[in-house]
Amino acid sequence: MEKKAMAIEKINAYMQKLKTMEKKFDPLPHFTLHKVLSQISPQFYTKDELTQIEKVNHILCQEANLPSISQSKEKRIEVVNDKKRRRPNNEDIIYDGERKVKSKSTIRKKSIIHKKETMLSPPPELPSHVNNMIKVLNGSDIKYIMCKELFKSDLNYYLNRLSMPITQIKSDFLTEIEKTTLETRDHEGKPIGIKVIVLDPCFNEFSLFLKKWNMKTTSIYNLHQDWTPILLKNSFKENQKLDIWSFRINEKLYLLLNDNETHKIEESRELKNSTGVSKKKEE
């Protein structure tokens, strides 16, 4: 027992020696490293050590007329808060050098507004010659789809298609089954499409496929396959506008392309001719 007690005393004395031998924390030898570490990982230091680093830093900053660690942190927080509070006078514009760029949120808002406007704007009056033709064919469920402006791509024989952007569509002219079919894809990932009958401005009948292509930001309906024969039959021009109407015969979908401007010119000519004939008769 005496031996055991002596051994414990020796161990205790040795531990006390070790404690006295331990070096006190001195932040000066590697101050830059301590300064960075104290900001990034303060958990590696005791409170006393952190205060020592802050004191040394404060003294050095006073000599160099620079803000201390705590002051720089406070300033950084103030700048961030100030940025949050501040808003540019024109929130919709971001300046990229000398070029003005509209923010994405603004573009998104405008596209939504434009889509609402196109859907809510009233359709044009159904031309009498179109109405008469649909009656002759025993058609029903007449809807105005859109006013399509023809572009170079629409007049390209090689592309062989007429594009109809969904953002410009003004009525819900498809059934739920047709919508589901347009969303389906084949084994190659290409849209399947639905068969439609298209009437050109002269009421010539063509069989085409209506397909839906999903892009990154929007979707487009394309009248595909055998669009070139319609181009060959008609003298369509770039920037020409066609009113597209839909109707159904025994639930089958028909699309009618109407060149309203040309028809108006023809009507005015007929009126002039008729008025001229009547004047001659009166004379």
Side-chain angles (χ1 to χ4, degrees), residues 108 111-112 114-124 126-127 130-131 133-234 236 241-259:
R108 209 176 291 117
S111 63
I112 292 161
H114 177 70
K115 195 174 181 181
K116 283 181 181 177
E117 282 175 357
T118 52
M119 289 296 286
L120 294 170
S121 58
L126 180 68
V130 173
N131 193 28
M133 188 61 194
I134 293 169
K135 279 180 181 177
V136 168
L137 295 167
N138 293 320
S140 61
D141 193 22
I142 304 164
K143 289 180 180 178
Y144 179 67
I145 296 176
M146 67 179 294
C147 177
K148 168 63 185 173
E149 186 178 348
L150 297 174
F151 299 105
K152 279 185 180 179
S153 57
D154 300 312
L155 304 174
N156 191 319
Y157 293 156
Y158 178 74
L159 293 173
N160 191 25
R161 57 115 181 95
L162 176 74
S163 65
M164 299 161 58
I166 283 179
T167 51
Q168 294 176 28
I169 301 294
K170 297 201 175 186
S171 65
D172 190 7
F173 67 99
L174 296 166
T175 63
E176 291 303 317
I177 295 164
E178 287 167 346
K179 285 176 187 176
T180 307
T181 308
L182 288 172
E183 291 295 341
T184 53
R185 300 287 183 267
D186 61 15
H187 64 282
E188 291 180 353
K190 292 178 180 178
I192 292 170
I194 56 171
K195 203 170 185 179
V196 295
I197 302 298
V198 177
L199 302 179
D200 71 0
C202 298
F203 304 123
N204 296 308
E205 199 171 292
F206 301 86
S207 182
L208 282 85
F209 274 87
L210 181 70
K211 295 184 178 183
K212 185 183 178 184
W213 292 89
N214 294 318
M215 318 300 279
K216 283 184 179 179
T217 53
T218 185
S219 298
I220 294 173
Y221 290 133
N222 279 329
L223 279 172
H224 209 265
Q225 294 176 13
D226 294 334
W227 170 249
T228 302
I230 297 175
L231 293 176
L232 292 167
K233 198 86 174 174
N234 296 270
F236 293 146
K241 291 180 180 178
L242 297 173
D243 283 330
I244 304 175
W245 298 82
S246 75
F247 63 96
R248 291 181 184 271
I249 300 172
N250 298 324
E251 296 185 1
K252 187 170 180 61
L253 182 62
Y254 281 69
L255 299 180
L256 189 146
L257 311 175
N258 178 49
D259 185 3

Crowded around [X] [atom1]? As in, over 12 foreign heavy atoms under 6.0 Å?
{"X": "Leu232", "atom1": "CG", "value": "yes"}
{"X": "Asp186", "atom1": "CG", "value": "yes"}
{"X": "Lys252", "atom1": "NZ", "value": "yes"}
{"X": "Tyr157", "atom1": "OH", "value": "yes"}

Does any part of the side chain of [Y], heavy atoms only, come nearer than 4.5 Å to the side chain of [X], both counted from C-beta?
{"X": "Leu231", "Y": "Asn156", "answer": "no"}
{"X": "Glu251", "Y": "Asp141", "answer": "no"}
{"X": "Leu253", "Y": "Leu174", "answer": "yes"}
{"X": "Lys211", "Y": "Gln225", "answer": "yes"}
{"X": "Trp227", "Y": "Leu162", "answer": "yes"}
{"X": "Asn234", "Y": "Pro201", "answer": "yes"}
{"X": "Lys212", "Y": "Pro191", "answer": "no"}
{"X": "Leu199", "Y": "Glu205", "answer": "yes"}

Which value, rounded to the nearest 0.5 Å, describes the distance between [X] atom [atom1] and [Y] atom [atom2]?
{"X": "Ile220", "Y": "Met164", "atom1": "CD1", "atom2": "CE", "answer": "11.0 Å"}
{"X": "Lys233", "Y": "Phe236", "atom1": "NZ", "atom2": "CZ", "answer": "12.5 Å"}
{"X": "Ile192", "Y": "Thr184", "atom1": "CD1", "atom2": "OG1", "answer": "3.5 Å"}
{"X": "Ile249", "Y": "Asn138", "atom1": "CD1", "atom2": "CG", "answer": "7.5 Å"}
{"X": "Asn258", "Y": "Asp243", "atom1": "CG", "atom2": "CG", "answer": "6.0 Å"}
{"X": "Lys143", "Y": "Leu255", "atom1": "NZ", "atom2": "CG", "answer": "12.5 Å"}

Point to revise | Side-chain donor or acceptor of Gln168 paired with backbone N/O of Pro165 under 3.5 Å | key: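 No, Gln168 side chain to Pro165 backbone: no donor-acceptor pair under 3.5 Å.
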Testing the basics here: between [X] and [Y], what is the closest heavy-atom pair and its distance to 0.1 Å?
{"X": "Gly193", "Y": "Thr181", "answer": "O-CG2, 3.9 Å"}
{"X": "Pro124", "Y": "Tyr144", "answer": "CD-CE2, 3.2 Å"}
{"X": "Trp245", "Y": "Pro127", "answer": "CZ2-CD, 3.9 Å"}
{"X": "Asp200", "Y": "Asn204", "answer": "OD1-N, 2.7 Å"}
{"X": "Leu159", "Y": "Ser153", "answer": "CD1-O, 3.5 Å"}
{"X": "Asn222", "Y": "Ser163", "answer": "OD1-CA, 3.2 Å"}

Check your understanding: Taking Phe247 as the fixed residue, which of Leu256, Ile197, Asn131 is the one that meets the side chain to side chain contact (heavy atoms under 4.5 Å, CB included) rule?
Key ->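 Considering Leu256, Ile197, Asn131, a side chain to side chain contact (heavy atoms under 4.5 Å, CB included) with Phe247 is found only for Leu256.
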Check your understanding: Of the options Ile230, Asn160, Val198, Ile244, which is the one that meets Leu223 in a side chain to side chain contact (heavy atoms under 4.5 Å, CB included)?
Key ->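 Only one of Ile230, Asn160, Val198, Ile244 forms a side chain to side chain contact (heavy atoms under 4.5 Å, CB included) with Leu223, namely Val198.
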Exercise for review: Report the relative orientation of the aromatic rings in Phe173 and Tyr221; use parallel for angles under 30°, tilted for 30 to 60°, perpendicular for over 60°.
Suggested key: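 Ring orientation of Phe173 relative to Tyr221: perpendicular.
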Point to revise | From CA spacing to verdict: side-chain contact (heavy atoms from CB on, under 4.5 Å), Asn214, Arg185 | key: CA-CA 11 Å; Asn214 294 318; Arg185 300 287 183 267; 3.1 Å; yes
Point to revise | Electrostatic pair Asp172:Lys179 at N-O distance under 4.0 angstrom | key: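 Lys179 and Asp172: salt-bridged.
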Review point. Could Asp154 and Arg161 be called an ion pair, given the rule that one side-chain N must be under 4.0 Å from one carboxylate O?
Key: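 So Asp154 pairs with Arg161 through a salt bridge.
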